[in-house]
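The next block holds one structure in the form of structure tokens; read it before the comments.
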2 protein chains.
Amino acid sequence: MVKDDFDWKIIDLLQKNSRFSFAQISREIGLSPSAVAERIQRLEDENVIKKHISIIDPKKVGYSLKAYITFSIKDFQKYERFLESIEEFPEIIDCSRVTGNDCLIMKVVLVDNTHLENLVNRLSVYGSPSTSVVLSDILTNASLKFPRFDINI
Amino acid sequence: MVKDDFDWKIIDLLQKNSRFSFAQISREIGLSPSAVAERIQRLEDENVIKKHISIIDPKKVGYSLKAYITFSIKDFQKYERFLESIEEFPEIIDCSRVTGNDCLIMKVVLVDNTHLENLVNRLSVYGSPSTSVVLSDILTNASLKFPRFDINI
DNA sequence: GATGAAACTCTGCCGCC
DNA sequence: GGCGGCAGAGTTTCATC
């Protein structure tokens with residue numbers, strides 16, 4: 001899927017800034033613009049590149065609170081009903097099913113504490129949410145590195 | 001910061017696809033390309049738009065495992081040393097300080113179980129990591145919505 | 001698969017409103 | 001702030017290797 005170093009260089013550059021033009025990338029890595037365009041097209045078609053997005057600062061658009069909610073849903077039917085209803089929760093920006101006591105971990109953005117309380121109430125219909133409020137972001141959306149670390153994996 | 005509906009439409013479109021051209025956006029929302037370019041520039045300058053990135057599927061580049069690690073570090077000096085050393089952990093793609101017993105929540109990508117074990121060992125120098133392996137992604141990098149839900153916030 | 005050239009489209013800049 | 005026009009870049013397509 002990622003065939004060679006050119007592919008990796010393209011991925012690196014797009015992870016840094018997805019608005020780089022084909023021409024800019026071509027100058028950076030030493031391929032022609034059309035070759036770069038073809039490779040990006042291929043990586044998109046193969047879903048190596050899932051999407052290109054702009055990251056918005058939640059605080060600047062009215063969401064002053066961020067939190068992780070771990071969510072224990074013991075009843076499988078309720079779990080399925082929650083997944084069907086997840087669109088009703090625009091606060092949820094990330095949601096993964098995980099091993100352990102809690103079956104879901106979610107990242108949510110909120111206007112304020114009242115909003116958080118409201119969300120917790122609405123979630124409680126399906127299971128037992130447990131909230132950890134984010135105090136500060138240390139790292140967000142870090143780039144994937146070519147997986148050959150110096151470290152011993 | 002986000003002045004009007006035009007700004008919101010631009011943000012919506014860029015959250016969907018950050019590679020849309022100024023011209024494409026201008027046709028979509030009914031402004032001139034130069035007005036769109038100026039607005040995007042302003043939103044970037046004000047850090048409303050933090051960055052534009054391409055999302056890579058970790059599985060397609062050799063990371064078959066994803067996990068959340070909550071990390072309890074009781075000793076504040078060790079906490080600070082960990083933050084200084086975070087670059088030594090390329091597996092960490094997200095890291096937030098949170099309220100509760102665990103002081104950090106991290107999202108990590110890993111090659112395999114051996115890699116996970118290795119990471120847990122390296123983290124244990126600083127504190128007590130607790131791992132939840134991701135079974136499936138239900139939602140990732142969902143767009144921020146204009147924060148006026150129908151719901152009662 | 002990559003290249004290069006041609007036709008087309010977009011961007012960046014400026015004066016004007 | 002937004003628009004329109006223009007010169008220079010960038011993109012797309014296709015024939016060629």
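Here is the naming used below: chain letters follow the sequence lines, and residue numbers restart at 1 for every chain.
Between the P atom of D/dG1 and the CZ atom of B/Arg42 lies a distance of 7 Å, rounded to the nearest Å. For the pair B/Ile10 CD1 and D/dG2 C1', the computed distance is 12 Å after rounding to whole Å. As rounded to whole Å, 13 Å separates atom C1' of C/dT3 from atom CZ of A/Phe6. Straight-line distance from the CG atom of A/Asp4 to the C1' atom of C/dA2: 12 Å, rounded to whole Å. Taking atom CD of A/Glu38 as the reference point, atom P of D/dT12 lies 11 Å away to the nearest angstrom.
Using modelled atom types, one finds no donor on one side chain facing an acceptor on the other under 3.5 Å when comparing A/Thr99 with B/Ser132.
Taking the six-membered ring for Trp and the full ring otherwise, the centers of A/Tyr126 and A/Phe71 sit at least 6.0 Å from each other. Aromatic rings from B/Tyr79 and B/Phe82 are positioned such that their centres are separated by 6.0 Å or more.
The residues A/Asp94 and B/Lys107 are annotated as salt-bridged, a charged nitrogen and a carboxylate oxygen being separated by less than 4.0 angstrom.
Using cut-offs of 30° and 60° for the angle between ring planes, the A/Phe146 and A/Trp8 rings count as perpendicular.
Across A/Gln24 and A/Arg19, no two heavy atoms sit closer than the pair OE1-O, 4.3 Å.
Here D/dG2 is the nucleotide among C/dG1, D/dG2, C/dT3 with the atom lying nearest to any side-chain atom of B/Ala35.
Within a heavy-atom distance below 4.0 Å of DNA chain C, the residues of residues 11-34 of chain B found are B/Ser21, B/Phe22, B/Ala23, B/Arg27, B/Ser34.
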